Amino acid sequence: MAQDMDGCTEFLNEIVSNFALAVTSETKRPDGWIAKKGRHSIQNVLEELVPGVVWPKNKKQCRTIGMITGAAILKVLGNKCGFTSVRTRRQGLDREDMGTWLFANRRWLCPSCSGDMERLKCNYYFLCQMFPCFTRCPLDRFLSVVDRVSTSWNHIVQQALHLRCSSFDAETFQIPSILSSQAAALPPPGGQPDSPVLPPPDASDATPPGRDHRP
């Protein structure tokens, strides 16, 4: 029984980590922040796209077998995905349900950017191949939800940092190692992907050690 529970927990951790790395990217941009909590968080988006994986906040029962809690998701993002948690007091980023703790040096992939759109499509097929629960979410819904969240969150961050909105097209990126090279060999249902899921990592986008993340 204990082994079954451990296996279930590890499987849920894999779902969370692969999803988080499939819809976000490392970045050196000054507006590279992602909410840890609230409607713009990884937890909330995953719960919306694949109901039954994330334990809803409004459920009071203690039994969570087969589902992952919000606290466990944050641990996975920090320990397994390498997301850096930092505190900000900048006005506008601590409002509503977000709190004052954010993930730094990451951004949502944006379907309105052609480069991000291709990555999201390939990563969606990868998720469907690895985790059948994602097949319950059609591609158009997957892209629509990510687009809504990324656009809304980018607007909040731009307002808070007083930055001019700009395109992500010229940004270089690095794919974390957890999305392994075997994903490139996984075809989408009904055909081969136009491009590999995992381009070679670009070391130039790595975050310099000891960087101060406080805005």
Side-chain angles (χ1 to χ4, degrees), residues 12 14-27 29 31-58 67-68 70 73 76-77 81 83 93 95-98 102-103 106-160 165-171 173 175-176 179 183 186-199:
L12 290 170
E14 287 294 321
I15 290 177
V16 171
S17 58
N18 280 277
F19 172 76
L21 297 174
V23 297
T24 69
S25 175
E26 286 188 319
T27 181
R29 292 172 59 98
D31 54 351
W33 305 86
I34 289 181
K36 290 185 65 174
K37 301 189 302 181
R39 67 179 185 272
H40 297 92
S41 66
I42 296 290
Q43 171 187 346
N44 194 78
V45 176
L46 179 59
E47 182 180 355
E48 181 175 355
L49 291 175
V50 191
V53 172
V54 179
W55 188 256
K57 295 179 181 179
N58 58 357
M67 304 178 79
I68 188 168
I73 288 176
V76 170
L77 297 179
C81 300
F83 283 23
L93 287 180
R95 67 184 189 182
E96 301 175 10
D97 57 352
M98 302 173 202
L102 305 171
F103 289 123
R106 293 209 74 87
R107 67 173 180 86
W108 285 96
L109 293 179
C110 183
S112 60
C113 164
S114 59
D116 283 0
M117 171 67 86
E118 291 306 310
R119 291 176 64 190
L120 283 167
K121 287 181 178 179
C122 289
N123 290 343
Y124 167 80
Y125 293 130
F126 168 79
L127 291 171
C128 289
Q129 291 279 353
M130 297 297 293
F131 310 104
C133 59
F134 282 96
T135 62
R136 303 197 301 263
C137 174
L139 175 61
D140 58 350
R141 172 166 170 74
F142 179 86
L143 295 174
S144 175
V145 171
V146 174
D147 184 51
R148 187 194 75 225
V149 173
S150 63
T151 300
S152 175
W153 176 247
N154 185 57
H155 177 71
I156 292 172
V157 174
Q158 297 293 342
Q159 280 192 324
C165 294
S166 60
S167 172
F168 292 123
D169 285 304
E171 183 181 27
F173 58 87
I175 296 291
L179 289 178
L186 293 175
Q192 295 291 334
D194 294 332
S195 58
V197 175
L198 302 175

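Note that the structure is predicted; figures quoted are calculated from it, not measured.
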Exercise. Is Ser150 reaching over with its side chain to a backbone N or O of Asp147, donor-acceptor style, under 3.5 angstrom?
Worked result: yes

Seminar exercise, completed: Nearest heavy-atom approach of Ser152 to His40 is OG-NE2, 2.8 Å

Problem set entry | side-chain contact (heavy atoms from CB on, under 4.5 Å) evaluation trace for Leu21 with Arg106 | CA-CA 10 Å; Leu21 297 174; Arg106 293 209 74 87; 3.9 Å; yes

For this session: For the pair Tyr124 (side chain) and Cys137 (backbone), establish whether a donor and an acceptor sit closer than 3.5 Å, ignoring hydrogens and angles.
Result: yes

Exercise. Are side-chain heavy atoms of Ile15 and Phe134 found at a separation under 4.5 Å?
Worked result: yes

For this session: Indicate yes or no: at least one non-hydrogen side-chain atom of Leu109 is less than 4.5 angstrom from one of Arg107.
Result: yes

Exercise. Counting N and O atoms only, with roles assigned by atom type, does the side chain of Thr24 sit under 3.5 Å from a partner on the main chain of Ala20, one being a donor and the other an acceptor?
Worked result: yes

Exercise. Which heavy atom of Leu120 sits nearest a heavy atom of Phe142, and at what distance?
Worked result: O-CE2, 3.9 Å

For this session: Kindly say whether Glu14 contributes a backbone atom to a donor-acceptor pair with the side chain of Asn18 at under 3.5 angstrom?
Result: yes

Problem set entry | Straight-line distance of Phe83 CZ to Leu77 CG, nearest 0.5 Å | 5.5 Å

For this session: Could you check if a side-chain atom of Val50 sits within less than 4.5 angstrom of a side-chain atom of Phe19, using non-hydrogen atoms only?
Result: no

Exercise. Going from CH2 on Trp108 to CG on Asp116, what distance comes out if it is rounded to the nearest 0.5 angstrom?
Worked result: 12.5 Å

Exercise. What distance do Thr151 atom OG1 and Ile156 atom CD1 have between them, rounded to the nearest 0.5 Å?
Worked result: 11.0 Å

Exercise. Got a donor-acceptor contact below 3.5 angstrom from the Ser144 side chain to the Asp140 backbone?
Worked result: no

Exercise. Roughly how far, to the nearest 0.5 Å, is CG of Leu143 from NZ of Lys121?
Worked result: 7.0 Å

Seminar exercise, completed: Closest non-hydrogen contact found for Leu102 with Ala35 is CD2-CA, 3.9 Å

For this session: Please report the closest heavy-atom contact between Ala22 and Asn123, naming both atoms and the distance.
Result: O-ND2, 3.1 Å

Exercise. So do Val23 and Ile42 actually touch side chain to side chain, heavy atoms under 4.5 Å?
Worked result: yes

Seminar exercise, completed: Taken to the nearest 0.5 Å, the spacing of Arg136 CZ from Cys128 SG works out to 10.5 Å

Exercise. What's the spacing between Leu46 CG and Cys133 SG if we round to 0.5 Å?
Worked result: 8.0 Å

Problem set entry | Close side-chain approach of Arg141 to Glu48, heavy-atom, < 4.5 Å | yes

Exercise. Can you tell me if Ser41 uses its side chain to pair, donor with acceptor, with the backbone of Gly38 under 3.5 Å?
Worked result: yes

